[in-house]
Each structure stands twice: as structure tokens, then as C-alpha cells.
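Residues take their numbers from the sequence shown, with the count starting at 1. If you're wondering where the values come from, they're calculated on a predicted model, not measured in any experiment.
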Amino acid sequence: MNKKPGLLLTVSVLAIILLATAFDMNFGGNAAVHLRAGVNPDSVLYVCPVADNVWDAFAQAISLGRRYIYMGFGFAGIVLLFSWGWALYQNLVKDKFSADAYKNPWGLTKLFFWAGVICTVLAMTPNYFRTVHVRVNGHNSEWVLCDSTSTDARAVNANAVTLH
């Protein structure tokens with residue numbers, strides 16, 4: 001008998017979402033952008049305007065304090081190394097293995113790892129990785145890559161697109 005049906009349901013839904021995303025499945029019915037006759041579809045990228053949202057604003061705010069975040073992680077990393085070294089030293093001095101000496105360092109390692117993951121997710125939004133610069137007729141503007149079926153999608157020559 002499964003004691004945690006909510007966990008199983010959550011994992012199943014996440015797996016379905018990941019598979020649907022990986023194979024470009026969508027349930028919307030947007031029409032694709034039509035290309036002019038004679039345009040090679042292999043030389044075209046589809047871009048959408050950058051939409052302001054909460055995550056991008058939050059990531060922008062975090063990026064202002066990125067130096068202090070790096071300093072904090074550097075300090076935490078040094079403390080973590082000393083913590084592991086102290087636990088190892090205690091076991092070497094006693095000449096006997098004691099798992100209790102490693103409880104605090106292991107707890108700090110897990111905390112350090114998950115804090116790093118959370119900070120990275122908050123600072124790097126999906127738009128961060130999709131942002132490109134499009135240079136057309138001497139004007140350089142910022143867009144995000146999208147599908148041809150996305151709302152407000154536009155087809156641009158791939159040579160006019162540079163990475164963020």
C-alpha cells in the first residue's frame with residue numbers, strides 16, 4: 001500500500017510535463033508564422049518580444065547584489081572546508097572512526113548545496129538563457145527565442161541574431 005499518494009502524483013505529473021516539454025508537445029492551437037516564398041527555413045530564427053514579469057525583475061534585483069552573494073558563498077565554503085578538516089582531524093587524533101564527527105559538516109554541506117541551487121534558480125530565469133540581440137537595419141534590440149507558434153513570434157534572419 002502506498003503511504004504517500006501525493007508524492008507519487010507529483011512525481012508523475014512532473015515526469016509528464018518534462019516529457020511533453022522535451023518532445024515539443026503543446027496543447028495550444030496557435031498557427032505558425034508563415035515565411036515569404038524563397039526564404040530558406042533553415043536560416044530563420046523565431047523571436048518574441050521580452051515580456052516583463054516578476055521573475056525577471058527579481059533576478060535583476062538579485063544580480064545587483066551578486067558580489068555580496070559570491071562573498072557569502074566564499075565564506076561559507078571556507079567554513080565548510082574547515083568543518084570537514086576538523087572532523088577528519090578529530091578522527092585521526094582518536095585513531096578511531098566516529099561518524100558523529102561528520103554530522104555537522106554533512107549538514108552544512110547539504111545546506112550549502114541547496115542554498116546554491118536556490119540562488120542559481122532565482123538569479124537565472126528562463127529568459128536569461130533565451131535572450132538574444134537582433135540587429136536589423138543598424139538597430140540592436142533585445143528579444144527572446146521562441147517557437148514559430150508562440151504569440152507575437154517573428155521570423156528573423158539567423159545572421160542578425162547574437163547571443164546575450
Novice: Identify the two heavy atoms, one from S83 and one from N104, that lie closest to each other, and give their separation to 0.1 Å.
Specialist: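 Smallest interatomic distance, heavy atoms only, reads OG-C, 4.4 Å.
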Novice: Can you tell me how far the CG atom of L145 sits from the CZ atom of F129, to the nearest 0.5 Å?
Specialist: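 Output value for this atom pair is 13.5 Å.
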Novice: Side-chain heavy atoms under 4.5 angstrom apart, residues restricted to Ile, Leu, Val, Met, Phe, Trp, Tyr: same cluster for I118 and F58?
Specialist: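 Yes, I118 connects to F58 through the hydrophobic network.
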Novice: Does any part of the side chain of V144, heavy atoms only, come nearer than 4.5 Å to the side chain of V47, both counted from C-beta?
Specialist: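 Sidechains of V144 and V47: no contact.
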Novice: Are the side chains of Y102 and L88 in contact, using a 4.5 Å heavy-atom criterion?
Specialist: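 Answer yes - side chains close enough.
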Novice: Where do A101 and A87 come nearest, in terms of heavy atoms and distance?
Specialist: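 What the structure gives for the nearest pair is O-CB, 3.2 Å.
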Novice: Group every Ile, Leu, Val, Met, Phe, Trp and Tyr by side-chain heavy-atom contacts under 4.5 Å, then state whether W84 and L92 land in the same group.
Specialist: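 Yes; L92 is reachable from W84 via cluster members.
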Novice: Check residues 66-79 and write down every donor-acceptor pair under 3.5 Å in which the side-chain atom is one partner and the other belongs to a residue at least two apart or another chain.
Specialist:
none

Novice: Taking I62 as the starting point, is it possible to reach W55 by hopping between hydrophobic residues whose side chains are less than 4.5 Å apart?
Specialist: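 Yes, same cluster.
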Novice: Closer than 3.5 angstrom, by distance alone: can the side chain of N91 be matched with the main-chain N or O of S98 as a donor-acceptor pair?
Specialist: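 Yes, N91 side chain to S98 backbone: donor-acceptor pair under 3.5 Å.
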Novice: Using a 4.5 Å cut-off on heavy atoms from C-beta on, say whether the side chain of V156 contacts that of Y46.
Specialist: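 Result no, sub-4.5 Å side-chain heavy-atom pair not found.
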Novice: Identify the heavy atoms of L122 and A59 that sit nearest to each other, and give their distance.
Specialist: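 Scanning both residues completely, I find the closest heavy atoms to be O-CB, 3.4 Å.
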Novice: Can you tell me how far CH2 of W114 sits from OG1 of T109, rounded to the nearest 0.5 angstrom?
Specialist: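 Rounded to the nearest 0.5 Å, the OG1-CH2 separation comes out at 13.5 Å.
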Novice: Mind checking what makes disulfide bond (SG atoms under 2.5 Å apart) contact with C119, not counting sequence neighbours?
Specialist: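 Expected list: none.
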Novice: What closest approach, in Å, do A153 and C48 show between heavy atoms, and which atom pair accounts for it?
Specialist: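 Of all heavy-atom pairs spanning A153 and C48, the closest is CA-SG, 3.7 Å.
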